[in-house]
Amino acid sequence: MASFSSNSKDLETSIRFLDCALANSTGRGPPNLGSNSPSLFKSHIVNQKNTKAVDDSLDASIIGMASGRLSVTSAVRRPLPQNPQLLHDVSITLAPHEFELFGNQSALSKTLSQRHWSDAWDRLHLQFLESFLTHGSEQEVFDIVGDFIQNCSDTLEVLQDECAKGSRTLEQKDVAWLRNERNTWRLIYCLYQNRLSTRHRAAIDSPQDGQCTLMEEDGLGSCLKQHRSEKDVVNQLYENDPVVRECQLVIDWLEKCAADFKLEAGGPEIGHFTDKIVAWENTLLQLKMNKEKDSNIAYGASKSIVSRLDPDAPTRENKSLHDLDWEDEARLMQQIFVEIRCGRLDNAQLLCCHCGQPWRAAVLEGWRLLHDPNYESAPTAGNVLAKMPIEGNPNRDIWKICAWRMSEDYKMPVYTRATQGALCGNLDALLPVCQKWEDVLWAYLRVLVDIRVETEIRSQLGISQEYAEMPEKYWQKELTLEEIFEQLGKHQNCREEANKPDHRVQEMLVLEKIGPLLNRMEEWSMDCGPQMLRFFAHLVLVLRLLGHSDLAGDNVIQSYVKYLISLRDPRLVAHYVAQLPQEEQINNYASFLATVVDSEERQACLAEAEEAGLDIETITTTVVELIRKQESKCHITSETTASDLKKISALDWLVFYPAQRAEALWQANALIRSFLAAGKIEAATKAFNKIPADSISQIVSEFQVKPDEVDMNFHQNLPRRVASSIREYFCYKTYLDAKDGFSDWHQHFHNAKPSKPSDPGENATFQDRVAFDHRASVYQRDLDRWKKTMQNQSKTVKTLLYNVLLFPAGGWLVDSNPNYADQTEFMSQEDDQDKLREKEMEYLRAQSIPEIVLLLHTVLYKMEEYGECVQLADLVVSEQNQLYKVYSKEQLGELVVKVADASLALLEQKKDPWGLPLSS
C-alpha cells in the first residue's frame, strides 16, 4: 500500500510538471512551483527573449568566417560538460501521442479576423522600404540585409505572441514562408560576406603580400613551422578552399535555422519530464527486484532483460532493456540527434550526462581534431611556460571507424545510427531521419565537408603518420554542390519541397547562379502572393547592390510596383518606381497618378516623387496625356460627361509647379481642341478655366521676356512650342469669349424683351382703359431701355465675334510662321504631333469660322443692321483674311442666302442691295 501511495504521489507530481511544461510551450505562464524548484521554464522564456542575441552571435561567426579568420578551435574542441544541476525531481514516461510532440508546435484553436492578419503582413512593405532607405548605398548592403532579417524576426515574434495570447490563429503556410524568407536573408548575409571578402583578398594579395611571415627570432621558430596538427591543416583548408568554407557556412546556416525553429515551435523536451537520473533506471530496479526475489513492481519487463548495466550489455548479451527504458532511450537518442542537427553538441552532451549516460557524452567527443598548443607557445628568456593539455582525440581515426560501424549496424536505433553517421560522415545513416529539404541538404553538406577534411588531413599528415583506412563506401559519397541539389530534387522526402520557390532561391544562391535565379523570379512574379513578390523585389535590389543586374530584375520590380499601386501608398510606389529604368519610371508612376483624384493626395504623390528623385515634369505630362487619350465609353453627346471631367481634372497635375505652366498650356490646348471638335463648349470652357490667370506672365518671366515685348509678336522672343501654345491659348480665349457673349446676347434678346400689353378692346371700361394706358407707358419705357441695352450688348458681342474673324498675325488658329531658330529641331523631334495638331486646328477653323460668321449675321440681322450684314460677304472673300478658304460650297451657299435676305431687307428700306441710299 505504501508503495502504491508513493507511486500515486509521484504520478500526481509528474502530471503537475507535465502540465507546467505544456503550459510554457503554448505561451501560458508556469504555475508556482515553489522556491525550491529550479525553473526550467524561466530559462525557456529567457531564451525566447534572447533570440536577437542568437542572431548576433551567428552574424559574428559568419563575419569571422567570411573575412578569412575562421577559427576551427570553437568547432573542433569543446570540453566535456560537467554534471548539470537537477532540473526536476521526478521521471515520467510519455504516451505515444505525447512523444510526437517533441520538436513540434502545439496547436491552437483561437481565430482572428483576416483584416488584422493582413495588416501585420502589410506593415512589412513599409518596414522593408525604411530599411532600404536608411542604408541605401552599396557599402551598407549588409546593414540592409541585417534589417530585413530583423524585420522578419520581429514580425514572427509579434504574430506568435498574439497567437499565444489567443488573439490570432497562425496560418502555417504563411508563417513558414516568412520563416523561410528570414532564413534566406541570413543565407545571403553569410554567403556574400564570405564571397566579397574572398574577392577582396584576391584583389589585394600580391606575391610579396602572400608570403607567410616566418618566426625567425630564435631556433625554435623553424621547429614551430615544421610541426602541423590536424587542427592546423583544417584551418588552412578553410582558409584556402572557398568551396569548403562556403559549404561550412551553409551548414552553420542550416543549423541556426533548425535551432530557431525549435525555439519558436516550443514543445516538450526530455529535460521537462526527467530528473538527473542513472541510466536505465527501470532496468536497474528490475534487476534489483530480481536479486531480492521481490515481485512487487509496478511496471515489470515484458521479456528477458540484460543482467549487466554496462553500455555494451544489450549488444553483448543480445538482450533487451526494460520496456520503459527502451522508450526513454528512443526519446533520448532522438533529442540528442535534434541537438546535433541544431549545431548544439554541448547541449547533447549535457543531456547525456543529465540522463545518467556520461559515457555517451564521451562517445560524442571522439571526432575532435588533434592539436598540441604547446608547439605554438615558445618560452622566453628566464620564463618557463606551464605545459598545456593536448586538444582533440589522438586516435580519432580509430574512433571514426568504430562510429562508422555503429552507424552501419541496423540493430541499433535509427537515431543512434544517425547521430554517429553525422559525426563520422555516413550519409546512408543520416538520410532515413531527414524529413525536410533542409535536413537532407544538411546531411549531404556535412558528409561533403567531412570527406574534404579527412582527405586534406590524410594528404598533408599521412606521410608522417599512419591512419586507419576508411571503408570505400565512405569516399564514394563525395559529391559536388550541383550533384547534391540534383539529389535533393530526387529524394522522396523533399522532392516536392525542392521545387518550391523559396528553396529554389536558396539553391541558386548557394550555387551562385544569379542569372537563372533572376529569370525564375521573373516567371514566379507573374503569379505569386504579395509577400513573395515583396521578397523577390528586395532580393533583386540587394543583388544589384552586390553587383548583379539584369533586365529580368526590372520586370520583377515592375510586378511589385503594380501590386503597390493597388495599396495606394504614394511613398511605397514612388521609391520602388525609382528603381526602374527611366522610361519605366515615367510610365508606371504616371499610371499610378492617373488613379488619384483628391487634390491633397495629388500633392502628396508629387512630394513623394520629388523625394524619390523621379522626373516630375515628364511624369505629370505623361499622366495628363494618358488620361486625355483615354477613349470615352459614353455615347456621343454635347453634354459634359464624367470622362470629360476626369480629363479636365488631370490638368491640375501641371499647375502645381510654376515651371510647368507652358506644358499646362500645351496640354490644355490639346484638350480644348478635342472638346470643341465634339461640340462640347461647356467642357472646353472648364478646361480653359483650369489654367491659372497668371500663367502667361509666369511663362514669359521664365523665359526672361521683357514686359514691353509681350505682344502678339512675342513669338520672336520665345521657343516655337511655347509661342504656339500662347497664341493658341489666346485663340481659344477669343472664341470662348465670343460664344459666351453671343449666349448672353441671345438670352437677353429673346428672354429679356418686355411683352407688349394686350389691348382691352373697344368695349373696355374707363378703368380698364386707364390701366391699359399705364401698362403701355411702362412697356414703352422698358422697351426703350431694352433697345438701349441691346444696342450696347450688340456692340460688345459684335466686337467679340469680329475678334475671332479678324484675329491678327495670320488668322484664328493659324500659327505664325516666322523663321524660328529652333524650328528644325522642333519639327524633327515632334513631327507627328505637330502634324496632328495642324490637322485638328484646320478642322476647327473649318467648323468654327463659318459658325461665327453666321452668329455675327444673326446679331446684325436681328438688330436690323442689314448693311453690315451684306458687308460680311466682303469680309469672307477678302484676300487679306482668306476666310473663304475654310468654306465648303454648301456653307458658301448658305452665306449667300443670308446676304440675300439682308439685301431684300435693305430694298424694303428704300436702299440698294448694298445698303446705300437710292438716288432719286
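In this chain, residues are counted from 1 in sequence order. Reckoned from all heavy atoms, side chains included, excluding hydrogens, waters and symmetry mates.
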What residues, two or more places apart in sequence or in another chain, satisfy side chain to side chain donor-acceptor pair (under 3.5 Å) together with Ser549?
none
Using the salt bridge (Lys or Arg N to Asp or Glu O under 4.0 Å) rule, collect all pairs that involve residues 537-548, keeping only residues at least two apart or in two chains.
Arg544-Asp554
Asp550 (side chain) donor-acceptor with Asn519 (main chain) under 3.5 angstrom
no
Main-chain N/O of Asn194 paired to Ser197 side chain as donor or acceptor, under 3.5 Å:
no
Under 3.5 Å, side chain of Gln357 to main-chain N/O of Cys352, donor-acceptor pair present?
no
Donor-acceptor pair between Arg245 and Gln248 side chains, under 3.5 angstrom:
no
Heavy-atom closest contact (Glu230 atom, Leu370 atom, distance)
OE1-N, 3.0 Å
Exercise: identify the closest heavy-atom pair between Leu364 and Ile340
CD2-CD1, 4.4 Å
Pair listing, salt bridge (Lys or Arg N to Asp or Glu O under 4.0 Å) test, anchored in residues 443-454, at least two apart
Asp241-Arg452, Glu255-Arg446, Arg396-Glu454, Lys400-Asp450, Lys400-Glu454, Arg452-Glu478, Glu454-Arg458
Do the charged groups of Glu264 and Arg182 touch, with an N to O distance under 4.0 Å?
yes
Considering only heavy atoms from C-beta outward, does the side chain of Met406 approach that of Thr416 to under 4.5 Å?
yes
Compare all side-chain heavy atoms of Asp232 with those of His371 and state whether any distance is below 4.5 angstrom.
yes
Between Ser407 and Arg417, the two heavy atoms sitting closest are O-NE, 2.7 Å
Residues at least two apart in sequence or cross-chain that pass side chain to side chain contact (heavy atoms under 4.5 Å, CB included) with Arg316, listed by chain then number, are Arg308, Asp310, Asp312, Ala313
Roughly how far, to the nearest 0.5 Å, is CD of Gln127 from OG1 of Thr155?
5.0 Å
Tyr444 and Cys247, any side-chain heavy atoms less than 4.5 Å apart
no
First locate atom SG of Cys528, then atom OH of Tyr560, and finally report the distance between them rounded to the nearest 0.5 Å.
11.0 Å
Side chain to side chain contact (heavy atoms under 4.5 Å, CB included) with Glu408: which residues, sequence neighbours excluded?
Trp404, Asn426, Lys473
Can you tell me how far CD of Glu507 sits from CD1 of Ile484, rounded to the nearest 0.5 angstrom?
11.0 Å
Test: Arg195 cationic atom under 6.0 Å from Tyr192 six-membered ring centre, within 45° of axis:
yes
To the closest 0.5 Å, what do you measure between CG (Asn347) and NE2 (His354)?
12.5 Å
Non-neighbouring partners of Ser559 that pass side chain to side chain donor-acceptor pair (under 3.5 Å), sequence neighbours left out
none
Would you call Tyr467 and Leu461 a side-chain contact if the rule is heavy atoms closer than 4.5 Å?
yes
Minimum heavy-atom distance between Phe536 and Val556, given as atom pair plus value:
CB-CG1, 3.6 Å
Validation row: Tyr238, Val244 side chains within 4.5 angstrom (heavy atoms):
yes
Given side chains that start at C-beta, do those of Glu482 and Leu511 come closer than 4.5 Å, heavy atoms only?
yes
Check whether any side-chain heavy atom of Pro311 sits under 4.5 Å from a side-chain heavy atom of Arg360, and report yes or no.
no
Side chain to side chain donor-acceptor pair (under 3.5 Å) with Gln420: which residues, sequence neighbours excluded?
none
Partners of Arg405 by salt bridge (Lys or Arg N to Asp or Glu O under 4.0 Å), sequence neighbours excluded?
none
Would you call the rings of His125 and Tyr563 parallel, tilted or perpendicular if under 30° counts as parallel and over 60° as perpendicular?
tilted
Pairwise distance CE(Met521) to CG(Leu533) - rounded to 0.5 angstrom
10.5 Å
Taking the side chain as every heavy atom from C-beta outward, state whether Cys257 and Trp442 have any pair of such atoms under 4.5 Å apart.
no
Matching residue for Val141 among Ile188, Leu543, Val542, Leu541 - test: side chain to side chain contact (heavy atoms under 4.5 Å, CB included):
Val542
Atom CD of residue position Glu512 - does it have more than 12 heavy atoms of other residues, nucleotides or ligands inside 6.0 Å?
yes
Under the salt bridge (Lys or Arg N to Asp or Glu O under 4.0 Å) definition, can you give me all pairs with a residue in residues 431-441, not counting sequence neighbours?
Arg341-Asp439
Under the side chain to side chain contact (heavy atoms under 4.5 Å, CB included) test, residues paired with Val447 that sit two or more places apart:
Leu427, Leu430, Ile451, Lys477
To the nearest 0.5 Å, how far apart are CZ in Arg186 and CG in Leu249?
14.5 Å
Between the side chains of Glu497 and Lys500, is the shortest nitrogen-to-carboxylate-oxygen separation below 4.0 Å, so that they form an ion pair?
no
Shortest non-hydrogen contact between Asn151 and Leu124, atoms and distance
O-CD2, 4.0 Å
Set of side chain to side chain contact (heavy atoms under 4.5 Å, CB included) partners for Ala498, sequence neighbours left out:
Trp437
Checking Tyr189, Trp185, Phe535 against Phe148 for side chain to side chain contact (heavy atoms under 4.5 Å, CB included), the one that qualifies is Trp185
If the condition is side chain to side chain donor-acceptor pair (under 3.5 Å), which residues does Tyr415 pass it with, not counting sequence neighbours?
none
For Arg495 against Gly489, the heavy-atom pair lying closest together
CG-O, 3.0 Å
